Amino acid sequence: LIFIDETFSTITDVRRSLKLLKRFEWMKRINRLQSDLNAKISVVFQQYGVELDEVEKLYEKNKKEAVLARDLPPVAGHIAWSRQLLQRIEEPMETFRENEDLLKSKEAKKIIRKYNKMARALIGYEYLWYQAWVETTEAAKAGLQATLLVRHPEDSLLYVNFDEEIIQLTREAQCLERMGIQVPEAAKVVLLQKNKFKLHIDDLKYLLQNYENVKQEVLPVCSKL
């Protein structure tokens, strides 16, 4: 027990504390040690309540401008951020649920309510980002019906009329699928055609550039005539 006490005195992370307790679970079979280990998990549970407060502050402070992973687009990035916070509070709670006696006290019920509130907020945050993205997929689908070549009303030059947001949409769809999130059919259709779209758009831009270059060469000759 002296070793356990010394080890616990240097650990402040809830998940690490729970892992340590798991290692010493066999000691519960020794009656005189059982109460000491139960006391330890009660202390960790109180510490978990403090961690819930920290997660809540972090969420409130950063929910509008969360620091996202560099390799993720905005929607997938915000969902990944909220899932990390949810995992941080969810994993310990799964362990605490195994100890029914621990959750019976009045103080424990307060912590459980705090956990439920935070979990609902994070799940709701993910849903809002996902729902907003689903709506953009419908708009992007409509954009695919637009004419690909248009003439600008001011300079009369031809331009490729392609919304770059469609490429962003396919990137979001790929990332969300990897995260196990259901992607709407409209986005799947665009995703399947991603390489074809990019190839056609690049070809069109190349042809237009050549067309403009030829025009620039021909016009001076015609003016001399």
Side-chain angles (χ1 to χ4, degrees), residues 1-28 33-134 171-172 175-182:
L1 273 178
I2 295 172
F3 170 72
I4 297 174
D5 288 338
E6 286 176 352
T7 308
F8 263 94
S9 67
T10 61
I11 292 178
T12 55
D13 181 82
V14 169
R15 281 181 288 186
R16 283 182 64 204
S17 298
L18 288 173
K19 281 178 184 175
L20 181 63
L21 280 172
K22 200 82 175 167
R23 280 173 55 196
F24 294 109
E25 207 168 35
W26 62 271
M27 295 174 74
K28 285 186 177 181
L33 299 178
Q34 187 170 356
S35 59
D36 289 305
L37 288 170
N38 285 339
K40 286 283 184 295
I41 196 167
S42 293
V43 171
V44 175
F45 191 54
Q46 294 304 314
Q47 192 180 344
Y48 174 68
V50 174
E51 189 158 318
L52 283 173
D53 291 332
E54 290 172 1
V55 169
E56 185 178 14
K57 285 176 189 172
L58 194 64
Y59 169 72
E60 291 299 334
K61 182 183 175 183
N62 299 304
K63 64 183 179 181
K64 290 183 180 175
E65 293 182 12
V67 179
L68 309 181
R70 289 183 183 179
D71 58 336
L72 290 177
V75 176
H78 280 88
I79 290 176
W81 175 76
S82 67
R83 283 188 172 187
Q84 283 172 355
L85 290 181
L86 185 60
Q87 186 180 23
R88 182 174 163 183
I89 65 172
E90 221 170 30
E91 283 182 0
M93 183 52 84
E94 286 174 8
T95 302
F96 293 130
R97 283 195 189 105
E98 294 170 8
N99 193 325
E100 292 180 10
D101 292 334
L102 177 70
L103 306 180
K104 285 178 181 176
S105 71
K106 193 174 179 181
E107 188 61 34
K109 285 174 181 175
K110 263 196 217 176
I111 293 173
I112 292 167
R113 281 196 296 273
K114 201 185 291 184
Y115 160 79
N116 288 336
K117 178 188 170 188
M118 196 66 249
R120 279 196 301 270
L122 290 167
I123 291 167
Y125 181 87
E126 174 175 331
Y127 177 77
L128 286 173
W129 272 96
Y130 173 74
Q131 202 55 40
W133 178 74
V134 168
R171 190 162 168 248
E172 291 282 10
C175 293
L176 292 174
E177 271 197 328
R178 286 194 207 109
M179 293 164 70
I181 296 172
Q182 185 178 1

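When reading the values below, keep in mind they use all heavy atoms of this one structure, side chains included, and skip hydrogens, waters and symmetry mates. By convention here, the first residue in the shown sequence is residue 1. Only a predicted model underlies this, so the values are computations on that prediction, with no experimental measurement involved.
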- Message: For a side-chain contact (heavy atoms from CB on, under 4.5 Å) check, start with the C-alpha distance between R83 and I181, then their side-chain angles and the critical distance, and finish with the verdict.
- Response: CA-CA 12 Å; R83 283 188 172 187; I181 296 172; 3.4 Å; yes
- Message: Please identify which of these residues, L72, I79, V75, meets the side chain to side chain contact (heavy atoms under 4.5 Å, CB included) condition with C175.
- Response: L72
- Dump the intermediate steps for side-chain contact (heavy atoms from CB on, under 4.5 Å) on F96 and V44, then the final yes or no. CA-CA 10 Å; F96 293 130; V44 175; 4.0 Å; yes
- Task: Classify the angle between the aromatic ring planes of Y130 and W133 as parallel (below 30°), tilted (30 to 60°) or perpendicular (above 60°).
- Result: tilted
- Query: What residues, two or more places apart in sequence or in another chain, satisfy salt bridge (Lys or Arg N to Asp or Glu O under 4.0 Å) together with K104?
  - Reply: D101
- Query: Closest approach of P92 and Q87, non-hydrogen atoms and distance?
  - Reply: CD-O, 4.2 Å
- By side chain to side chain donor-acceptor pair (under 3.5 Å), which residues pair with K109, not counting sequence neighbours? none
- Looking at residues at least two apart in the chain, or sitting in another chain, which of them share a side chain to side chain donor-acceptor pair (under 3.5 Å) with E100? none
- Query: Has Q182 got more than 12 heavy atoms of other residues, nucleotides or ligands less than 6.0 Å from its CD?
  - Reply: no
- Which pair of heavy atoms, one from H78 and one from A66, lies closest together, and at what distance? CD2-CB, 4.1 Å
- Item | Ion pair K114/E56, N-O distance below 4.0 Å | no
- Query: OH/Y125 to CH2/W81 distance, rounded to the nearest 0.5 angstrom?
  - Reply: 5.0 Å
- Query: For the atom pair CE (M118) and CG (N116), what is the distance rounded to the nearest 0.5 Å?
  - Reply: 12.0 Å
- Rounded distance [0.5 Å steps], CE in M93 versus CD1 in I111: 8.0 Å
- Task: Begin from the C-alpha positions of L122 and R88 and carry the test side-chain contact (heavy atoms from CB on, under 4.5 Å) through to its verdict.
- Result: CA-CA 11 Å; L122 290 167; R88 182 174 163 183; over 6 Å; no
- Task: Evaluate the side-chain proximity of V14 to F45: yes if any heavy-atom separation is below 4.5 Å, no if none is.
- Result: no
- Of the non-hydrogen atoms in L102 and S42, which two are nearest, and what is the gap between them? CD1-OG, 3.6 Å
- Query: Excluding sequence neighbours, so at least two apart, what forms side chain to side chain donor-acceptor pair (under 3.5 Å) with K106?
  - Reply: none
- State whether the number of non-hydrogen atoms from other residues, nucleotides or ligands found under 6.0 Å of Q131 atom CD is greater than 12. yes
- dist L85:CG -> L58:CG (nearest 0.5 Å) comes out at 5.5 Å
- Message: Holding to side chain to side chain donor-acceptor pair (under 3.5 Å), I want the full list of residues that pass it with K110, two or more places apart in sequence or in another chain.
- Response: none
- How about K63 and S82: do any of their side-chain heavy atoms sit closer than 4.5 Å? no
- Taking only residues two or more places apart in sequence or in another chain, which ones pass side-chain contact (heavy atoms from CB on, under 4.5 Å) with T95? L18
- Query: Are side-chain heavy atoms of E126 and L86 found at a separation under 4.5 Å?
  - Reply: no
- Task: Would you name the heavy atoms of A76 and E172 that are closest together and state the gap between them?
- Result: N-OE1, 3.0 Å
